[in-house]
Amino acid sequence: QFITLSLMLPVQQNVVAVPSTALYGSHRLYHLDETQRLQPITVERLGEWHQPNQNTRVLVRSPQLQPGMQLVVTQLPQAVTGLLVRPSG
């Protein structure tokens, strides 16, 4: 028999909730540098956050993550370090 179980865990510091489409593999995000080029960030995947409206976010942490960084949240088919991209919105 299966049951649904939701847990409330203690608050963690320096954790970011990102869409699952932002993850490349299981431990990499990309951010845009000042020249609009992709730069990788290795992250520690901590779990998931299920929002009331059913949008699930992945919880990650990394000392490389800084406030104001532009993260890539759309899967690019051949994302590589240094790839020049144009942000939308």
Side-chain angles (χ1 to χ4, degrees):
Q1 181 178 9
F2 292 97
I3 61 170
T4 300
L5 179 63
S6 296
L7 301 173
M8 297 293 290
L9 299 173
V11 174
Q12 297 284 317
Q13 299 298 316
N14 302 317
V15 174
V16 178
V18 298
S20 60
T21 56
L23 279 173
Y24 287 79
S26 59
H27 300 290
R28 179 180 293 160
L29 298 176
Y30 281 100
H31 77 95
L32 297 182
D33 66 15
E34 60 280 346
T35 64
Q36 304 302 309
R37 294 188 181 275
L38 294 183
Q39 297 301 325
I41 299 173
T42 301
V43 296
E44 174 187 6
R45 186 178 178 149
L46 302 172
E48 295 181 349
W49 174 37
H50 298 279
Q51 296 174 294
N53 64 358
Q54 303 304 318
N55 288 334
T56 300
R57 302 288 179 155
V58 179
L59 301 173
V60 298
R61 174 174 39 211
S62 173
Q64 295 174 282
L65 286 170
Q66 300 298 320
M69 276 185 161
Q70 285 186 296
L71 297 178
V72 175
V73 296
T74 302
Q75 286 287 313
L76 299 173
Q78 295 184 357
V80 293
T81 301
L83 180 67
L84 181 62
V85 297
R86 183 174 17 146
S88 64

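All residue numbers in this chain count up from 1 along the given sequence.
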Closest contact, heavy atoms only, Gln64 versus Pro40: NE2-O, 4.0 Å
CD on Gln1 to CD1 on Ile3, rounded to 0.5 Å: 7.5 Å
Heavy-atom pair with the smallest gap, counting every atom of Val15 and Arg61: CG2-NH1, 4.3 Å
Gln66 side chain vs Pro63 backbone, donor-acceptor pair below 3.5 Å: yes
Cluster check Leu71, Val85: I/L/V/M/F/W/Y, side chain < 4.5 angstrom: no
Side-chain heavy atoms of Leu32 within contact of Val72, under 4.5 Å: yes
Atom of Tyr30, atom of Ala79 and distance for their closest heavy-atom approach: OH-O, 3.6 Å
pair Leu29-Leu65: side-chain heavy atoms closer than 4.5 Å: yes
Student check: side-chain heavy atoms of Val58 and Val60 closer than 4.5 Å: yes
Counterpart residues, side-chain contact (heavy atoms from CB on, under 4.5 Å), relative to Gln39 (two or more places apart): His31, Asp33, Arg37, Thr81
Polar side-chain atom of Gln36 near backbone of Pro87 as donor-acceptor pair, under 3.5 Å: no
Cluster overlap Val16 with Leu23, hydrophobic side-chain contacts below 4.5 Å: yes
N/O donor-acceptor pair under 3.5 Å between Thr21 side chain and Thr74 backbone: no
side-chain contact (heavy atoms from CB on, under 4.5 Å) involving Glu48 - partner list, sequence neighbours excluded: Arg45, His50, Thr56
Same cluster (ILVMFWY, side-chain, under 4.5 Å), Tyr24 and Leu83: yes
Close side-chain approach of Leu38 and Leu84, heavy atoms under 4.5 Å: no
Greater than 12 external heavy atoms within 6.0 Å of Arg57's CZ: yes
